[in-house]
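Accompanying notes for the structure given below.
All of these numbers come straight from a predicted model, not from anything done at the bench.
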Amino acid sequence: MAKFTNPLISLNTLSLLLFLIISATANSEFCDDKMALLGGVQESRGAENSNEIESLARFAIEEHNKKENALLEFVKVVKAQEQVVAGTMHHLTVEAIDAGRKKLYEAKVWVKPWLNFKDLQEFKHVGDSPASFTSSDLGVKKDGHCPGWQAVPVHDPQVQDAANHAIQTIQQRSNSLFPYVLQEIVDAKAEVIEDFAKFAMLLKVKRGEKEEKLNVEVHKKEGTFHLNQMQQDQE
């Protein structure tokens, strides 16, 4: 005797199987996309100049200096990206000063906040910074300013770098047994001509028990400082 099959039931079964196949395919694609998202490098949620990103950049430079016995000085974060791993891998492009020259470095810092874990995974030099002056470089560029020497703040980082370079150069040229110690930048002026900057400063220094004041002129071109002249202040 032939067995009767309800065509409506068969149609429902077929529809259910088709639905399950489509759902499985969609879920598979979603998982693949999610995994790709987790492993990809993206722009950091915080801006390059945020406290968190700057703190990570400074940490990278400090760790590099310790490992390589280097003396890099942090300037700024140029670019910040991040990658989700077991925690977050921060990919940073950092500008730093090396022997008076601004250079660019790439650093990878691995962070696991829940473990209070932070480690420098990679740090490498990738090139020199562009030889240009911006508003952060003293604000004495001729655009919008009168030509010639302009008074600048003695606490400006560029002025301090120029003063420290002058003291280091003077010490290298000196035969004194006592090192020169910079105590104060008394006065500072600067002039920028195209990509060339000049700093004229009055420095108060100490050598042993002796205190004196020095007039120095330091030039900066393409990120490199050069002590042009130095003489004792007669006042």
Please report the closest heavy-atom contact between [X] and [Y], naming both atoms and the distance.
X: F74; Y: A57; answer: CE1-CB, 3.7 Å
X: A80; Y: L92; answer: CB-CD2, 3.8 Å
X: V192; Y: A197; answer: CG2-CB, 4.2 Å
X: A188; Y: M201; answer: CB-CG, 4.0 Å
X: V154; Y: V159; answer: O-CG1, 3.9 Å
X: H165; Y: V218; answer: CD2-CG1, 4.2 Å

(request) State, with a plain yes or no, whether a side-chain heavy atom of E73 is found less than 4.5 Å away from one of D161. (result) yes
(request) Find out whether V216 and I170 are in side-chain contact, i.e. whether some heavy atom of one side chain is under 4.5 Å from a heavy atom of the other. (result) yes
At what distance, to the nearest 0.5 angstrom, does [atom1] of [X] lie from [atom2] of [Y]?
X: H64; Y: L120; atom1: NE2; atom2: CG; answer: 9.0 Å
X: D98; Y: K103; atom1: CG; atom2: NZ; answer: 4.0 Å
X: Q232; Y: L214; atom1: CD; atom2: CG; answer: 6.5 Å
X: L182; Y: Q171; atom1: CG; atom2: CD; answer: 12.5 Å
X: F123; Y: E106; atom1: CZ; atom2: CD; answer: 10.5 Å
X: T88; Y: E82; atom1: OG1; atom2: CD; answer: 6.0 Å

Crowding at [atom1], [X] (>12 non-hydrogen neighbours, <6.0 Å):
X: F117; atom1: CZ; value: yes
X: L115; atom1: CG; value: yes
X: K189; atom1: NZ; value: no

(request) Sort out for me which residue in Q42, H91, E43 forms a side-chain hydrogen bond (donor to acceptor under 3.5 Å, both in side chains) with Q81. (result) E43
Connected via hydrophobic side-chain network under 4.5 Å: [X] and [Y]:
X: V75; Y: L56; value: no
X: Y180; Y: L177; value: no
X: L104; Y: I97; value: no
X: L202; Y: M230; value: no

(request) Let me see the working for K221 and H226 under side chain to side chain contact (heavy atoms under 4.5 Å, CB included), right down to the final yes or no. (result) CA-CA 8 Å; K221 185 174 178 62; H226 171 71; over 6 Å; no
(request) Kindly write out the residues that satisfy salt bridge (Lys or Arg N to Asp or Glu O under 4.0 Å) with E212, not counting sequence neighbours, or none if the list is empty. (result)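 Result, salt bridge (Lys or Arg N to Asp or Glu O under 4.0 Å) vs E212: R207.
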(request) Would you kindly check if the NZ (Lys) or CZ (Arg) of K118 is within the cone defined by 45 degrees around the ring axis of F59 and under 6.0 Å from the six-membered ring centre? (result)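 Yes, a cation-pi geometry.
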(message) Would Q158 and K220 count as a side chain to side chain contact (heavy atoms under 4.5 Å, CB included) here? Give the steps.
(response) CA-CA 10 Å; Q158 291 288 323; K220 182 181 182 182; 2.6 Å; yes
(request) Look at the rings of H125 and Y105 and say which category their plane angle falls in: under 30° parallel, 30 to 60° tilted, over 60° perpendicular. (result)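 Because their plane-to-plane angle lies in the 30° to 60° range, the rings of H125 and Y105 count as tilted.
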Backbone N or O of [Y] within a donor-acceptor pair of the [X] side chain at under 3.5 Å?
X: D119; Y: W110; result: no
X: S55; Y: N51; result: no
X: Q183; Y: K204; result: no

(request) Test side chain to side chain contact (heavy atoms under 4.5 Å, CB included) on L203 and I185 and set out the steps. (result) CA-CA 5 Å; L203 308 180; I185 303 174; 4.0 Å; yes
(message) Do the side chains of E54 and R58 get close enough for a salt bridge, i.e. N-O under 4.0 angstrom?
(response) yes
(request) Determine, stepwise, if the pair K198 / W149 fulfils side chain to side chain contact (heavy atoms under 4.5 Å, CB included). (result) CA-CA 9 Å; K198 297 189 294 184; W149 292 98; 3.5 Å; yes
